[in-house]
Amino acid sequence: MALFGSSRDISFMKKVNSELLDNVIQQEVDYYKYFIPESMAGTNLYGEASSQKTYYKPLRVPCLIERGDQAYVQDDQFGVDVTQPMTFRFLKPKLKEVGLVPAAADIIEVRGTFYEINQVNENQFILGKDGDYGKSVGSEFGDSLSIICVANYTRVSRLQIINGRV
């Protein structure tokens, strides 16, 4: 039996992290969930979705944001293009409250700039134990605390969220 990391300790850690995120840090993003059925309505001959991706209305979600440096890439056909990686760190209990499960191809908006999620990681566990899959300590010990999404800058013109300038 584990000495620390019981459900009482986990509840305390979640409460402290939630309070920090909501009352101290206060960073929020608008999260656009990719709507697959509507996007797949216009599939082509090979069963791929058309370029018209559709998204649900955004949810405002608190998170920690880690901004990467902007990089300018020279393209022979279209000139200079900009890229910027971003990392968004969400508390899993906060996402459960609103019923949100992050996935690749979802869009996150930060200050009018849109980022497409490339990678979703859920590998931070309290005391290194996952209560859902505990083999020796039982379900009372350990829990998943956060979900980390890695995203890159995407052009507004590629999205069907708002009208871009022509």
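Not measured: the values here are computed from a predicted model.
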Between Phe88 and Val110, does a side chain to side chain contact (heavy atoms under 4.5 Å, CB included) hold up when you go through it step by step? CA-CA 10 Å; Phe88 301 94; Val110 181; 3.5 Å; yes

Which of parallel (below 30°), tilted (30 to 60°) and perpendicular (above 60°) describes Tyr31 and Phe90? perpendicular

To the nearest 0.5 Å, tell me how far Phe114 CZ sits from Tyr153 OH. 9.5 Å

Kindly compute the distance separating CD1 (Ile10) from CG (Leu145), expressed to the nearest 0.5 Å. 9.5 Å

Closest non-hydrogen atom pair between Lys14 and Ser144, with its separation: CE-O, 4.5 Å

When rounded to the nearest 0.5 angstrom, what is the spacing between CG in Leu100 and NZ in Lys33? 6.0 Å

Does either side chain, that of Gln70 or that of Tyr72, offer a donor lying less than 3.5 Å from an acceptor on the other one? yes

Please report the interatomic distance CZ(Arg89) to SG(Cys149), rounded to the nearest 0.5 Å. 10.5 Å

Of all heavy-atom pairs between Gly68 and Met86, which one has the smallest distance, and what is that distance? N-SD, 4.2 Å

Quick one: closest heavy-atom pair of Asp106 and Tyr34, and the distance? OD1-N, 3.0 Å

The reported gap from OG1 in Thr113 to CD1 in Ile108 (rounded to nearest 0.5 angstrom) is 12.5 Å

Looking only at non-hydrogen atoms, find the nearest pair between Pro85 and Asn152 and report the distance. CA-OD1, 3.3 Å

Non-hydrogen side-chain atoms of Glu109 and Pro58 separated by less than 4.5 Å: no

Going only through I, L, V, M, F, W and Y residues with side-chain contacts under 4.5 Å, is there a path from Leu59 to Val29? yes

More than 12 heavy atoms from other groups under 6.0 Å of CG on Asn23: yes

Let me confirm one number: the CD1-CD distance from Ile65 to Glu28, rounded to the nearest 0.5 Å. 10.0 Å

Give the minimum heavy-atom separation between Asp22 and Gln26, together with the two atoms involved. O-CG, 3.1 Å

Is it the case that one hydrophobic cluster holds both Tyr115 and Val101, taking links as side-chain heavy atoms less than 4.5 Å apart, direct or via other members? no

In one Ile/Leu/Val/Met/Phe/Trp/Tyr side-chain cluster, 4.5 Å: Tyr32, Val156: yes

Would you indicate whether the side-chain heavy atoms of Phe35 and Tyr55 approach each other to under 4.5 Å? no

Taking all heavy atoms of Ile147 and all of Pro102, pick out the closest pair and write down the distance. CG2-CG, 4.0 Å

Verify the cluster assignment for Met13 and Leu64: are they in a single hydrophobic cluster under the rule of side-chain heavy atoms below 4.5 Å apart? yes

